[in-house]
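Single-structure report; data block below.
Quick note on labels: first sequence line is chain A, next is B, and so on, each numbered from 1.
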Protein chains: 2
Amino acid sequence: MTTTRRASKPRPETLARRREILRAALEIFGSKGYNNGPLVEIAEQVDMTHAGILHHFGSKDRLLVEVLRYRDETDVEGIEGQHIPDGTELFRHLVRTAFANEERPGIVQAYAVLSAESVTDGNPGREYFEQRYTQLRTEVAQAFRVMCEERGIDAPATIDRASASVLAVMDGLQVQWLLDRANVELAETSAFAIEAIVTAVLDPRPSPLAPDAP
Amino acid sequence: MTTTRRASKPRPETLARRREILRAALEIFGSKGYNNGPLVEIAEQVDMTHAGILHHFGSKDRLLVEVLRYRDETDVEGIEGQHIPDGTELFRHLVRTAFANEERPGIVQAYAVLSAESVTDGNPGREYFEQRYTQLRTEVAQAFRVMCEERGIDAPATIDRASASVLAVMDGLQVQWLLDRANVELAETSAFAIEAIVTAVLDPRPSPLAPDAP
DNA sequence: GGTAACTTACTGTGCTGTCAGTAACTAAAT
DNA sequence: ATTTAGTTACTGACAGCACAGTAAGTTACC
C-alpha cells in the first residue's frame with residue numbers, strides 16, 4: 001500500500017528570505033517599473049540568481065502580486081494595524097500618511113508607477129488595484145457618513161464623488177511630487193486639498209463656476 | 001566655418017505618414033505602456049516594418065518624445081488652439097475637458113500610463129512631463145489670480161497648492177476611472193472636486209480636521 | 001542620378017522560464 | 001542513533017523568444 005506523501009515544512013529561515021525578496025522587488029519595480037525591472041536585479045540585491053527567485057514565486061507575475069499584497073499587510077495606508085479609523089480620524093490619518101510619505105519616495109514611486117501600469121493590457125496587478133481602490137473608496141465614504149452623523153446632517157449625494165476625489169488628489173500629487181520635488185509640497189498640498197473636499201461635503205456652497213458668475 | 005547640415009526636402013505626403021505613425025504610437029504606448037509597447041505593433045498598424053519607423057524617428061526614445069509633443073500641439077488640454085482661457089473660463093474648460101475625456105479612454109490611458117512611467121529611471125518622457133506640469137500649474141495659478149482680482153480679494157497663499165491639487169485630482173481620477181469605469185464617474189467627479197478646491201481658495205473656511213473638532 | 005522612403009535580412013542583447021543537479025535539511029523506519 | 005527516503009532551497013547552464021537597432025539593397029519620386 002502507498003504511504004501518504006506529506007509535504008514537509010518549509011525551513012524556518014525561508015520566510016525571512018522571501019520577505020527580503022519582496023522588499024527588493026518592490027524597490028526595483030518601484031524605481032524601474034514592472035516591465036522594465038528585471039528579475040536579475042532583484043536577485044542580485046538579495047544575493048541569489050534569478051532562478052532562485054522563480055523557485056520561490058513561480059513567475060514574475062506572481063511575484064508582483066505577492067509584492068503588492070505584502071505591502072498591504074505591512075503598511076500604514078488603508079487598513080492600518082487592526083482598526084480602521086473612523087470619521088475625522090480617517091482624514092487625519094490620510095494627512096499623516098502624506099507627511100510620512102515625504103520621507104519615503106521609493107515606496108511612493110512604487111505605488112504611483114505600478115498603479116498606473118496596472119491599467120495596461122494584461123498587467124497582473126490590475127485586479128489588485130481595482131479592489132484596493134474600491135475598498136479605499138468605501139472606507140472614505142464611511143468616514144464621511146460618520147462625520148455627517150456626528151454633525152447631525154443628512155449624508156449628501158456628493159459623498160461618493162468626494163471619496164474618489166480624496167484618493168485621486170493624493171495619488172495625483174504623488175506623481176507631480178516625484179517629477180519635481182523642489183516645487184511640489186506633497187504633504188501640505190494633500191492636507192489643503194483634503195480639507196477643501198471635506199468642507200465641500202459637510203458645508204456645501206454654490207458653485208463658483210456656475211454660468212452666471214463673472 | 002561649419003556648414004550647417006541641412007537635410008534635403010521630405011516628400012509631400014511624408015508628413016501625413018509621420019502623423020499616422022505618431023497616432024499609432026500613442027495608441028500602442030497608451031494601451032501597453034512605453035516599455036511594453038513594441039515598435040513592431042506600431043508598425044503593423046500603419047502597414048510598415050519596424051525598420052521603417054526607425055527610419056523616420058531614429059530611435060524608440062525619440063519617437064516617444066515626438067508623440068508627446070505632437071499630442072500637445074493637436075490636443076485640447078493645456079493651451080487650446082491659440083488663447084489660454086483666463087480666470088473662471090479656464091476651470092470651465094478643465095471641466096469640459098473631463099467630459100470630453102469620457103469619450104476617449106485611449107488618450108486618457110496614454111497620458112495616465114506615460115506620465116507615471118516617466119518617473120522611472122532613465123525614461124525619455126520625463127523632461128516633457130516635468131515641464132508640462134510646471135506649465136499647467138502656472139496657468140491654473142494665473143487663473144486663480146484673475147478670479148481673485150475680479151472679486152476684489154487678495155490672492156491667498158493657497159493658490160499654488162490649489163493649482164497642483166486641481167491637476168492632481170483630474171489625473172488621479174483618470175486612473176480610478178480606467179480601472180473601474182462602472183463605478184467612477186470621471187467628469188462629474190472632476191467637476192465636483194474642482195469646484196471644491198476653487199471654493200476653498202476664494203472663500204476659505206476653518207479646517208474641519210482641526211484637532212478640537214469632534 | 002541622387003536622395004527619400006522604405007524592405008529584407010541580420011545582429012546582438014536582454015529577459016523569462018526550464019531543467020538537471022547538489023547540498024542541506026526533515027521525517028520516518030530500523 | 002543511524003540509516004533511508006524525500007523535500008527544500010538553491011545554482012548554473014541554457015533554450016528561446018522578443019526587441020531595438022543596423023546595414024545593404026530596392027523602388028520611385030524630383
Side-chain angles (χ1 to χ4, degrees), chain A residues 1-25 28-29 31-67 117 120-125, chain B residues 3-22 24-25 27-29 31-67 117 120-125:
Chain A
M1 74 155 7
T2 41
T3 39
T4 345
R5 312 240 149 282
R6 77 256 121 221
S8 49
K9 293 179 197 167
R11 302 187 197 151
E13 55 194 69
T14 293
L15 216 107
R17 205 91 176 82
R18 284 175 58 106
R19 273 199 298 262
E20 268 185 79
I21 297 172
L22 291 171
R23 261 193 293 271
I28 298 297
F29 290 158
S31 61
K32 330 233 312 184
Y34 172 72
N35 288 305
N36 204 30
L39 290 179
V40 216
E41 262 177 72
I42 298 167
E44 70 193 20
Q45 233 179 79
V46 295
D47 267 307
M48 249 201 236
T49 61
H50 83 279
I53 290 183
L54 288 170
H55 163 72
H56 281 293
F57 297 96
S59 75
K60 199 188 176 188
D61 280 22
R62 253 180 285 163
L63 173 61
L64 176 63
V65 174
E66 295 225 37
V67 166
E117 214 172 354
T120 58
D121 288 1
N123 185 287
Chain B
T3 38
T4 344
R5 298 235 299 107
R6 200 46 274 148
S8 31
K9 295 172 197 172
R11 297 190 198 147
E13 59 188 56
T14 295
L15 218 106
R17 204 91 176 82
R18 283 175 58 104
R19 274 199 297 262
E20 270 185 78
I21 297 171
L22 291 171
E27 199 185 312
I28 298 297
F29 289 159
S31 61
K32 329 232 313 182
Y34 172 73
N35 288 306
N36 204 29
L39 290 180
V40 217
E41 261 177 74
I42 298 167
E44 71 194 20
Q45 234 179 77
V46 294
D47 267 309
M48 249 200 236
T49 60
H50 84 280
I53 290 183
L54 287 170
H55 164 71
H56 282 292
F57 296 96
S59 77
K60 197 189 178 189
D61 280 21
R62 254 180 283 162
L63 174 61
L64 176 64
V65 174
E66 294 224 37
V67 165
E117 215 172 353
T120 58
D121 288 1
N123 185 286

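Contacts of B:Asp61 classified as side-chain hydrogen bond (donor to acceptor under 3.5 Å, both in side chains), with partners at least two apart in sequence or in another chain: B:Tyr34. B:Asn36 pairs by the side-chain hydrogen bond (donor to acceptor under 3.5 Å, both in side chains) definition with nothing, not counting sequence neighbours. Under the rule for a side-chain contact (heavy atoms from CB on, under 4.5 Å), the partners of B:Leu54 that lie at least two apart in sequence or sit in another chain are B:Leu39, B:His50. Annotation: salt bridge (charged side-chain N to carboxylate O under 4.0 Å, His left out) contacts of A:Lys60 (sequence neighbours excluded): none. With sequence neighbours left out, B:Glu66 forms a side-chain hydrogen bond (donor to acceptor under 3.5 Å, both in side chains) with B:Arg18. Under the rule for a salt bridge (charged side-chain N to carboxylate O under 4.0 Å, His left out), B:Arg62 has no partner lying at least two apart in sequence or in another chain. Under the side-chain hydrogen bond (donor to acceptor under 3.5 Å, both in side chains) criterion, B:Asn123 pairs with no residue, sequence neighbours left out.
Of all the heavy atoms in B:Leu63 and B:Ile42, the pair that sits closest is CD2-CD1, 4.1 Å. Considering every non-hydrogen atom in both A:Leu64 and A:Pro124, the closest pair reads CD2-CG, 3.7 Å.
The shortest side-chain heavy-atom distance between B:Asn35 and A:Glu117 does not fall under the 4.5 Å cut-off.
We find that A:Arg23 and A:Glu20 are not joined by a salt bridge, their nearest charged nitrogen and carboxylate oxygen being 4.0 Å or further apart.
Taken residue by residue, residues 33-42 of chain A places no heavy atom nearer than 4.0 Å to DNA chain D. Residues of residues 53-64 of chain A having a heavy atom closer than 4.0 Å to DNA chain D, listed by number: A:His55, A:His56.
Whole-Å rounding puts the A:Glu44 CD to C:dC15 P distance at 11 Å. One interatomic measurement links the two molecules: CE of A:Met48 to C1' of D:dG12, which rounds to 15 Å at whole-angstrom precision. Rounded to an integer number of Å, the gap from CG of B:Leu15 to P of C:dC6 is 12 Å. One can place CG of B:Asp47 at 15 Å from C1' of C:dA5, the figure rounded to the nearest angstrom.
OP1 or OP2 of C:dC6 has at least one side-chain nitrogen or oxygen of B:Arg17 nearer than 4.0 Å.
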All N/O pairs under 3.5 Å across the protein-nucleotides 28-30 of chain D interface:
none

What's touching nucleotides 8-13 of chain C from the protein side, N or O pairs under 3.5 Å?
none

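Of the inter-residue distances, the one linking B:Ile53 atom CD1 with B:Leu22 atom CG reads 9.5 Å to the nearest 0.5 angstrom.
Within the structure, salt bridge (charged side-chain N to carboxylate O under 4.0 Å, His left out) contacts touching residues 32-58 of chain B (residues at least two apart or in different chains) are B:Lys32-B:Glu41.
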